[in-house]
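A quick write-up on the structure given underneath.
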Amino acid sequence: MAEIEKPFRPTGDPIALTSESPLHPRRTSRRIMVGPVPVGGGAPISVQSMTNTVTADVPATLRQIAELTAAGCDIVRVAVPSQDDADALPEICAKSPIPVIADIHFQSKYVFQAIDAGCAAVRVNPGNIRKFDEVGPSICKAATDAGISLRIGVNAGSLDKELYAKYGGPTPEALVASALKEAHMFEDVGFHDFKISVKHHDVITMVQTYRLLASKGDWPLHLGVTEAGPAWQGTIKSCLAFGALLAEGIGDTIRVSLSAPPVEEVKVGCKLLEYMGLRPRKFDIISCPSCGRAQVDVIQLASAVTEGLKDVTAPIRVAVMGCIVNGPGEAREADLGVASGNGKGQIFIKGKVIETVPEDQIVETLLNKAQEIAAQMEADGQVPANSTGPVVVPIQNPGH
């Protein structure tokens, strides 16, 4: 794997990359850098994940980072709970294709090791800075000298006991008070290159917390629903919370936290930004829900097409429709589509019917045509870097 270009750009570099939401103007935030990745200041929203390997197992950690990169991850975080993990950071940082953030709890000495190792940023948890006067200024100087940024903030589960008692629990007001306290510690010693997260497992509380924090200053914000749960539940929670905030222009970098392989977090995060209009459209499958009008097994058909095209990354839209009411219209709007019924399927390319095939040939025909279109797009240089594979998107037809 290629090494990241060193040295990193200075934090706060006002490079021109910006990304606007089609739903709402982006919140004004200051820009920091995580290695070569800009965060805040209107920069494209980045997708993060975290390895679940033992960081000291360098080959395993680098393999997982490579998988995350291939799925579209922009920034990766690695846990540093032990000296062995800290000692592994120089090799990981040198060989990782994307910026590495060290996630450090309690042992402030690992913060300095992470900076010296070439990490793009460090997540400084509350345990590192409870005695801020002793280590905080030194951490800020080391980060400034290295030109790297920090992440601070709080999870509902690690709220300061005094704030917990004052506010009666991890309320939005308590979480924001904790974040502001930390932010002011760093700003009071002249350090401003940090982003903030204020995570909660409850969607409503999380949204309220980020809205409140966003109104208090211009820090770049890292969005996350902490302990979101297993893949299906966590995806729903994250999409609801992120969707609400991103639709209001709030959020500069995201992590979808799932009890699932990290690569699944990245897939969900990338698709979420894509469907919010914050990333270019990539591969997409549109399929109608099953209903009494369908004259074909839509569930089986959509699953077979999705499985057959799982490795296609060209930005094409495939419509798999099972009834004659809305099927032709949806199929025409896609790059490639099928409208099924009466034991056959009409195959559409760019809005035109090119052939009609028997039902048992629909899947094979769609797969062949999709591969042809994808190959041509690749040959024409139309496949973006870090493109991802398909996700089935149900289309709710009238009457369902």
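For clarity, every value in this text was computed on a predicted model and none was experimentally measured. All residue numbers in this chain count up from 1 along the given sequence.
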Stepwise side chain to side chain contact (heavy atoms under 4.5 Å, CB included) check, T55 with I92: CA-CA 9 Å; T55 303; I92 291 171; 3.6 Å; yes
For E333, check side-chain contact (heavy atoms from CB on, under 4.5 Å) against everything at least two apart and list the hits. none
Heavy-atom side-chain contact between H184 and L180 under 4.5 Å: yes
Are Q83 and Q107 linked by a side-chain donor-acceptor pair shorter than 3.5 Å? no
Pairwise side-chain contact, L221 with R27, heavy-atom cut-off 4.5 Å (strictly under): yes
Partner of I45 by side-chain contact (heavy atoms from CB on, under 4.5 Å), out of L223, D252, L246, D74: L246
When you look at D218 and T28, which way does the side chain to side chain contact (heavy atoms under 4.5 Å, CB included) test go after all the steps? CA-CA 6 Å; D218 67 348; T28 300; 5.5 Å; no
Closest non-hydrogen contact found for C239 with V268 is SG-CG1, 4.3 Å
Do the rings of F191 and F186 sit parallel, tilted or perpendicular, given the 30° and 60° boundaries? tilted
What are the two closest non-hydrogen atoms of M50 and E265, and how far apart are they? N-OE1, 4.1 Å
Side-chain heavy atoms of V78 within contact of I101, under 4.5 Å: no
Hey, is the main chain of D85 close enough, under 3.5 Å, to the side chain of Y110 for a donor-acceptor pair? no
Hey, does the side chain of S96 reach the backbone of P99 with a donor-acceptor pair shorter than 3.5 angstrom? no
What distance separates C270 SG from R279 CZ, expressed to the nearest 0.5 Å? 4.5 Å
Say whether, by atom type as modelled, one donor and one acceptor occur between the side chain of E173 and the main chain of Y167 under 3.5 angstrom. no
Has T69 got a side-chain atom pairing as donor or acceptor with P97's backbone, closer than 3.5 angstrom? no
Examine distances only and state if a side-chain atom of D57 and a backbone atom of V54 form a donor-acceptor pair shorter than 3.5 Å. no
Hey, is OH on Y164 packed in by over 12 heavy atoms from elsewhere, all under 6.0 Å? no
Exercise: identify the closest heavy-atom pair between A260 and E264: CB-CB, 4.4 Å
Applying a strict under-4.5 Å side-chain criterion to I, L, V, M, F, W and Y, I'd like to know whether V266 and L62 cluster together. yes
Are there over 12 heavy-atom neighbours, none belonging to E355, within less than 6.0 Å of that residue's CD? yes
Are L175 and L163 packed together at the side-chain level, in the sense that at least one heavy-atom pair is separated by less than 4.5 angstrom? no
Residues R151 and S197: side-chain donor-acceptor under 3.5 angstrom: yes
Can a donor-acceptor pair be found between the side chains of T365 and N368 at a distance below 3.5 Å? no
Show your working on side chain to side chain donor-acceptor pair (under 3.5 Å) between T61 and T53 and close with a plain yes or no. CA-CA 6 Å; T61 301; T53 58; 2.8 Å; yes
Of the non-hydrogen atoms in A120 and G35, which two are nearest, and what is the gap between them? CB-N, 3.4 Å
Please walk me through it: do H200 and V225 pass side chain to side chain contact (heavy atoms under 4.5 Å, CB included)? CA-CA 6 Å; H200 198 286; V225 179; over 6 Å; no
Interatomic spacing from CG in L240 to CE in M206 - rounded to 0.5 Å: 10.5 Å
So CZ of R26 and CD of E20: to nearest 0.5 Å the spacing works out to 6.5 Å
For F242, does the six-membered ring have the charged nitrogen or CZ of R255 within the cation-pi criterion, i.e. under 6.0 angstrom from the centroid and within 45° of the normal? no
Do W232 and K237 touch side chain to side chain, with heavy atoms closer than 4.5 Å? no
Determine, step by step, whether N155 and T226 satisfy the side chain to side chain donor-acceptor pair (under 3.5 Å) criterion, reporting the C-alpha distance in whole Å, the side-chain angles of both residues, the deciding distance to 0.1 Å, and the verdict. CA-CA 7 Å; N155 281 10; T226 191; 3.2 Å; yes
With no hydrogens and no angle check, is any side-chain donor or acceptor of R30 less than 3.5 Å from a backbone partner on H192? yes
Besides V353, the hydrophobic cluster formed by Ile, Leu, Val, Met, Phe, Trp and Tyr side chains linked at under 4.5 Å, directly or via other members, contains F348
First locate atom OG of S49, then atom CG of L258, and finally report the distance between them rounded to the nearest 0.5 Å. 8.5 Å
If you look at every heavy atom in F283 and K271, which pair is closest and at what distance? O-NZ, 2.6 Å
Min side-chain heavy-atom separation R123-L150 under 4.5 Å: no
Do T235 and S238 have side chains that get closer than 4.5 Å, going by heavy atoms? no
Mark yes or no for whether Q48, through its side chain, and I254, through its backbone, hold a donor-acceptor pair below 3.5 Å. no
Out of curiosity, I75 CD1 to L68 CG, how far, rounded to the nearest 0.5 Å? 12.5 Å
Within this structure, what is the CD-CD1 distance for the pair Q113 and I104, rounded to the nearest 0.5 Å? 8.5 Å
Run the side chain to side chain contact (heavy atoms under 4.5 Å, CB included) check on D284 and V318 step by step: do they pass? CA-CA 6 Å; D284 200 11; V318 179; over 6 Å; no
Using modelled atom types only, decide if a donor and an acceptor are shared between the side chain of S215 and the backbone of L212 within a distance under 3.5 Å. yes
For atom CD1 of I204, decide whether the heavy atoms of other residues, nucleotides or ligands shown that lie under 6.0 angstrom number more than 12. no
Please test E67 against R63 for salt bridge (Lys or Arg N to Asp or Glu O under 4.0 Å), starting from the C-alpha separation and ending with a verdict. CA-CA 6 Å; E67 293 171 358; R63 279 196 300 272; over 6 Å; no
Can you name the salt bridge (Lys or Arg N to Asp or Glu O under 4.0 Å) partners of D145, sequence neighbours left out? K141
Is any side-chain heavy atom of K95 closer than 4.5 Å to one of E91? yes
Ignoring hydrogens and geometry, is there a side-chain-to-backbone donor-acceptor pair from E274 to K282 under 3.5 Å? yes
Has D103 got a side-chain atom pairing as donor or acceptor with R77's backbone, closer than 3.5 angstrom? no
Shortest non-hydrogen separation from S340 to I362 and the atoms involved: OG-CD1, 3.6 Å
